[in-house]
Amino acid sequence: MTRTAWLNELKGHLSFLPREEANEAMRYYEEYFEDSDLSDEEVIAQLGTPQSVAASFREPDAQQGAQASPHHIPRWPIWVYVLIGVIALPILAPLIIGGAGTLVGAMASAAGVLIAVVTGMFAVFVGLLGGGTAMIAKAVFMMETPANALFAIGLGLLAIGLAISLGALIAVVVVKLIPALIRAIVSFGTKLLERVRKGGNSK
């Protein structure tokens with residue numbers, strides 16, 4: 001029997017399980033085949049028939065002498081999980097608090113850097129725009145020589161152009177960078193809490 005045939009037959013025998021539990025069991029045995037150093041034939045010989053493996057998932061009173069698979073996924077009563085949670089709480093709580101503190105610190109640091117960058121860019125924008133406008137106004141209203149006036153107007157237009165470019169860059173930072181930073185922080189926090197949760201469960 002091939003691996004595919006064995007898994008397909010097992011899937012049929014697990015039809016009495018809820019879909020989620022059946023899918024979890026199938027994923028387990030698929031990974032068992034993938035991770036084993038043995039050949040498919042040796043793994044099948046080690047596991048036994050699909051029918052006997054499926055029988056190991058039934059309740060004890062329904063097995064009636066069926067051969068239990070040594071690799072089946074245990075199903076414990078709810079109170080076992082509750083007890084594990086209570087025991088793990090003193091270990092898990094400091095990890096959660098530490099993870100939350102790390103996340104808050106990262107958010108505060110990122111927000112501070114972003115505010116400083118945007119504030120500095122805005123100050124330069126205001127300076128360039130105001131300086132360029134002042135140079136053009138001076139050249140026009142102070143009646144300087146044509147050469148000086150043209151030079152001042154050119155510098156003023158250059159400053160205004162740089163201010164417009166900087167303003168566009170600020171808009172990009174505010175519109176695109178801030179949402180991207182928020183998504184990154186949320187993703188970091190989610191992964192951190194997930195690691196904390198897994199760490200608590202493993203204990």
Side-chain angles (χ1 to χ4, degrees), residues 18-28 30-32 34-35 73 78 81-82 84-203:
R19 178 177 299 180
E20 183 178 349
E21 292 186 25
N23 290 339
E24 181 182 357
M26 290 302 300
R27 283 194 298 270
Y28 174 84
E30 288 169 359
E31 293 175 359
Y32 189 84
E34 292 293 338
D35 297 338
I73 304 170
I78 295 296
Y81 295 100
V82 173
I84 292 175
V86 171
I87 295 174
L89 185 60
I91 300 174
L92 188 60
L95 293 176
I96 294 176
I97 295 173
T102 301
L103 178 60
V104 172
M107 292 175 63
S109 299
V113 171
L114 184 61
I115 291 173
V117 170
V118 173
T119 301
M121 294 174 65
F122 184 74
V124 175
F125 165 78
V126 172
L128 288 173
L129 185 61
T133 303
M135 294 179 69
I136 294 175
K138 180 181 178 182
V140 172
F141 295 106
M142 296 298 291
M143 298 298 180
E144 296 186 4
T145 60
N148 290 338
L150 289 174
F151 181 73
I153 290 173
L155 288 180
L157 291 175
L158 177 62
I160 292 174
L162 291 174
I164 293 174
S165 299
L166 186 58
L169 181 59
I170 293 174
V172 170
V173 170
V174 172
V175 172
K176 293 188 176 182
L177 184 59
I178 289 180
L181 180 60
I182 292 175
R183 288 194 297 269
I185 291 175
V186 171
S187 176
F188 170 76
T190 302
K191 292 179 180 179
L192 179 63
L193 293 178
E194 181 67 18
R195 289 184 178 180
V196 171
R197 184 185 67 83
K198 289 182 177 178
N201 290 339
S202 65
K203 294 183 182 297

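All figures in this text were calculated on a predicted structure; none of them were measured in a lab.
When every heavy atom of L166 is checked against every heavy atom of F125, the shortest pair comes out as CD2-N, 3.4 Å. Contact record, A159 with G132: CB-CA, 3.7 Å, taken as the closest heavy-atom pair. In plain terms, the two heavy atoms of A163 and L128 that are nearest each other are CB-CB, 3.7 Å.
Atom-to-atom distance recorded for E30:CD and R27:CZ is 8.5 Å, nearest 0.5 angstrom. Taken from CD1 in I153 to CG in L158, the straight-line distance is 13.5 Å, to the nearest 0.5 Å. With rounding to the nearest 0.5 angstrom, the CG atom of L162 is 12.0 Å from the CG atom of L169.
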